[in-house]
Amino acid sequence: LLWEPGPDQIVRTFKDQLPISAQLNSEVTEIKIHEGSASEVVVNGEKAISADHVFFTGTPIALNHLIQGEGLPAKARTRL
């Protein structure tokens with residue numbers, strides 16, 4: 001299976017066209033919740049980035065580890 005354009009070209013396009021700085025080799029280590037919505041992500045355990053919208057594309061079970069405390073209610077946590 002060959003992707004066109006390749007993944008490296010997609011990353012390069014995002015870096016060149018979006019008004020953000022790419023953080024390669026980074027991992028979201030926490031998602032902070034405020035008033036029922038994701039409001040901030042923590043990258044590599046140290047850098048907090050605020051956001052109006054957060055798109056999560058990981059597996060649902062990963063949310064149990066990324067959202068701490070009451071940010072994810074117990075009922076929702078057990079369903080994951």
Side-chain angles (χ1 to χ4, degrees):
L1 180 66
L2 182 63
W3 287 30
E4 287 294 329
D8 59 325
Q9 187 175 353
I10 293 170
V11 170
R12 194 174 322 111
T13 300
F14 277 129
K15 283 175 55 178
D16 294 343
Q17 294 182 6
L18 294 177
I20 60 171
S21 60
Q23 296 182 14
L24 304 178
N25 298 320
S26 297
E27 179 181 4
V28 172
T29 52
E30 184 178 357
I31 298 173
K32 295 187 178 186
I33 306 297
H34 179 70
E35 295 181 1
S37 297
S39 61
E40 192 172 72
V41 294
V42 178
V43 178
N44 294 338
E46 54 191 40
K47 183 177 180 181
I49 302 171
S50 297
D52 292 328
H53 304 283
V54 175
F55 296 92
F56 180 75
T57 61
T59 60
I61 194 73
L63 291 172
N64 274 328
H65 304 288
L66 294 173
I67 301 174
Q68 305 296 317
E70 296 300 315
L72 185 62
K75 186 175 182 179
R77 201 175 285 279
T78 58
R79 290 181 180 170
L80 296 175

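Model, not experiment: these values are computed from the prediction. Heavy-atom basis, side chains included; hydrogens, waters and symmetry copies ignored.
- Every residue meeting the side-chain contact (heavy atoms from CB on, under 4.5 Å) condition with S26, not counting sequence neighbours, appears here in chain and number order: Q23, V43, N44.
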Taking only distance into account, with no hydrogens and no angle test, what donor-acceptor pairs under 3.5 Å do side-chain atoms of residues 53-68 form with protein atoms, sequence neighbours excluded?
unit_1: Q68; atom_1: NE2; unit_2: H65; atom_2: O; d: 2.8

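- The heavy-atom pair separating R77 from G69 by the smallest distance is NH2-O, 3.1 Å.
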With a cut-off of 3.5 Å and sequence neighbours excluded, list every side-chain donor-acceptor pair involving residues 29-38.
unit_1: T29; atom_1: OG1; unit_2: V42; atom_2: O; d: 3.2
unit_1: T29; atom_1: OG1; unit_2: G45; atom_2: N; d: 2.8

